[in-house]
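Quick notes on the structure that follows.
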2 protein chains.
Amino acid sequence: MTGTKDRILAAGAELFRHGGYAGTGMKQIVEKAGAPFGSVYHFFPGGKEQLGEEVVRTSGMEYARLFEVFITPAPDLITGLETFFGAAVTTLLETDYVEGCPIATVALEVATTNEPLRKATADVFEAWTKAGTKGFSAFGLPEEHARTLTLALVTSLEGAFVLCRSMRTTEPMAVAGAAVVDVARRLLTELGDDGKRRPADG
Amino acid sequence: MTGTKDRILAAGAELFRHGGYAGTGMKQIVEKAGAPFGSVYHFFPGGKEQLGEEVVRTSGMEYARLFEVFITPAPDLITGLETFFGAAVTTLLETDYVEGCPIATVALEVATTNEPLRKATADVFEAWTKAGTKGFSAFGLPEEHARTLTLALVTSLEGAFVLCRSMRTTEPMAVAGAAVVDVARRLLTELGDDGKRRPADG
DNA sequence: GTCTATAATGTGATAGAC
DNA sequence: GTCTATCACATTATAGAC
């Protein structure tokens with residue numbers, strides 16, 4: 001049985017992701033969660049700001065798993081990247097371009113208007129960067145290069161979501177995936193590496 | 001003497017860019033524009049939605065000029081890209097991370113909630129793509145490759161703005177610029193080209 | 001065309017019964 | 001802890017004087 005707070009967080013995550021932070025009302029959230037209105041202030045005494053911060057942190061952290069799901073099991077780096085961006089294309093098509101990044105909309109909205117929320121989005125992006133850096137290191141990349149590749153992946157992915165959801169085409173996501181592959185090849189060439197996964201490296 | 005309508009559009013562009021579409025009020029806009037409240041419904045009888053659409057189209061189209069400013073005058077393709085992303089870094093630092101893309105925030109907010117506004121953002125992105133494709137063609141790239149490079153540039157730039165403004169560091173923008181350079185080098189290598197500007201090509 | 005007052009609705013938040 | 005009624009305020013939008 002999922003608790004009321006979890007249902008509110010899940011409803012908030014979906015609504016913020018779709019309509020943004022300012023564009024989503026508290027009543028909208030509790031209605032979707034099937035919870036009475038007062039509950040939200042019982043679980044989130046800090047009001048909308050606290051709810052927004054917890055939504056960003058929880059839903060954001062869940063997405064860090066995607067590195068382990070798509071990159072880590074891959075036989076080599078390039079295959080991992082192609083699988084990752086292929087999944088992004090599939091998500092866009094299957095959801096008719098409604099599902100993108102769980103926090104990018106909020107991140108842009110609050111970057112200069114709400115410092116606690118900005119910090120929450122920044123912490124999530126940094127967590128993703130750490131997770132990706134660890135995952136890419138297992139393919140033999142030194143930490144600095146693994147971090148660079150992760151930032152290239154996240155920036156390309158985020159930007160592609162903006163264009164794809166606006167233009168309603170997957171073309172930008174395909175280009176973004178190819179761009180990250182180019183970065184990976186450059187980094188591997190500099191090392192003279194083959195990009196195969198290391199059995200026990202970290 | 002700038003007209004009242006132009007001042008309203010300019011104020012709306014800045015406020016939407018900073019706080020988003022839903023997060024910006026009509027009163028906020030007319031106050032910043034120094035115009036009486038009723039004026040906005042005189043010039044924009046369609047209300048906030050019409051104002052938003054005109055702001056997106058006018059401010060978005062202005063930014064298409066950036067290709068001509070930074071890319072077209074460059075001696076070669078790589079130099080043009082480095083200048084372009086260098087200017088983005090400068091903008092972030094000089095504005096303390098408040099200035100980014102004029103329409104990305106709105107694009108993510110309205111992608112699934114307001115079809116006329118989504119279409120406006122899509123038209124702007126397509127106009128940018130056309131402008132970039134034309135600009136890169138002058139360096140000898142065939143149209144299809146020029147379009148790919150433009151999409152790589154815009155997606156990387158947009159995603160980097162998200163991360164940079166959230167994390168308050170220019171690191172993602174530097175990585176994004178290098179990634180686009182990697183794409184350009186791959187496209188040039190495929191052609192066996194030097195990337196020098198063509199005196200009279202288009 | 002300019003400007004003000006106000007309508008109608010929605011918002012985040014709170015009080016208090018149960 | 002759950003739930004409802006309601007507050008005070010902000011919002012978009014309109015009516016109408018000048």
Side-chain angles (χ1 to χ4, degrees), chain A residues 1-58 105-106 109-110 112-118 120-121, chain B residues 1-57 105-106 109-110 112-118 120:
Chain A
M1 154 108 186
T2 83
T4 300
K5 180 169 181 177
D6 289 337
R7 291 205 315 280
I8 293 175
L9 283 173
E14 181 172 337
L15 290 169
F16 286 156
R17 189 166 71 216
H18 292 19
Y21 177 75
T24 301
M26 299 287 264
K27 297 183 181 177
Q28 217 178 329
I29 294 173
V30 294
E31 185 185 17
K32 186 175 197 70
F37 184 72
S39 292
V40 75
Y41 285 92
H42 172 69
F43 292 110
F44 306 92
K48 190 179 187 180
E49 189 173 274
Q50 182 187 349
L51 172 56
E53 185 172 337
E54 291 200 30
V55 163
V56 165
R57 292 188 187 279
T58 57
T105 310
V106 177
E109 278 184 283
V110 305
T112 59
T113 58
N114 188 315
E115 180 60 17
L117 273 177
R118 180 205 66 79
T121 64
Chain B
M1 157 104 188
T2 84
T4 300
K5 180 169 181 176
D6 288 336
R7 290 206 315 280
I8 293 175
L9 284 173
E14 180 172 337
L15 290 170
F16 287 155
R17 189 166 71 216
H18 292 18
Y21 177 75
T24 301
M26 298 287 262
K27 295 183 181 177
Q28 219 179 328
I29 295 172
V30 293
E31 185 185 17
K32 188 176 194 69
F37 185 71
S39 293
V40 75
Y41 286 92
H42 172 70
F43 292 111
F44 306 93
K48 190 179 185 181
E49 188 173 275
Q50 183 187 348
L51 171 56
E53 184 172 337
E54 292 200 32
V55 163
V56 165
R57 292 188 186 281
T105 311
V106 177
E109 279 184 282
V110 305
T112 61
T113 57
N114 188 315
E115 179 60 17
L117 272 178
R118 180 205 66 79

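We name chains A, B, ... by the order of the sequence lines, and we start the count at 1 in each one. Atoms considered below: every heavy atom in the structure, side chains included; atoms not considered: hydrogens, waters and symmetry mates.
- Heavy atoms of A:G38 sit under 4.0 angstrom from at least one base atom.
- Residue A:Y41 has a polar side-chain atom (N or O) positioned under 4.0 Å from OP1 or OP2 of C:dA13.
- Atom C1' of nucleotide C:dG10 and atom NZ of A:K48 are separated by 12 Å, given to the nearest angstrom.
- A heavy-atom distance below 4.0 Å to DNA chain D is reached by none of the residues of residues 12-32 of chain A.
- Using a 4.5 Å cut-off on side-chain heavy atoms (C-beta onward), A:F43 and A:T4 make contact.
- Residue B:E31 qualifies as open at atom CD: its count of foreign heavy atoms under 6.0 Å is 12 or below.
- Counting only heavy atoms from C-beta outward, the side chains of A:K5 and A:E54 approach each other to under 4.5 Å.
- With rounding to whole Å, A:F37 atom CZ is found 6 Å from C:dG12 atom C1'.
- When all heavy atoms of B:N114 and B:P116 are compared, the pair lying nearest together is OD1-CD, 3.1 Å.
- Atom pair A:I8:CD1 and C:dG12:P shows a separation of 14 Å (rounding to whole Å applied).
- A:K48 forms a cation-pi arrangement with A:Y21, by the criterion of a distance under 6.0 Å to the ring centre and an angle within 45° of the ring axis.
- Contact annotation for A:F43: backbone-only contact, meaning every heavy-atom pair under 4.0 Å involves sugar-phosphate atoms and none involves a base.
- A:R118 places no side-chain N or O within 3.5 Å of a backbone atom of A:V110 that could act as its donor or acceptor partner.
- Checked against C:dT4, D:dC3, C:dG1, the side chain of B:H42 finds its nearest nucleotide in C:dG1.
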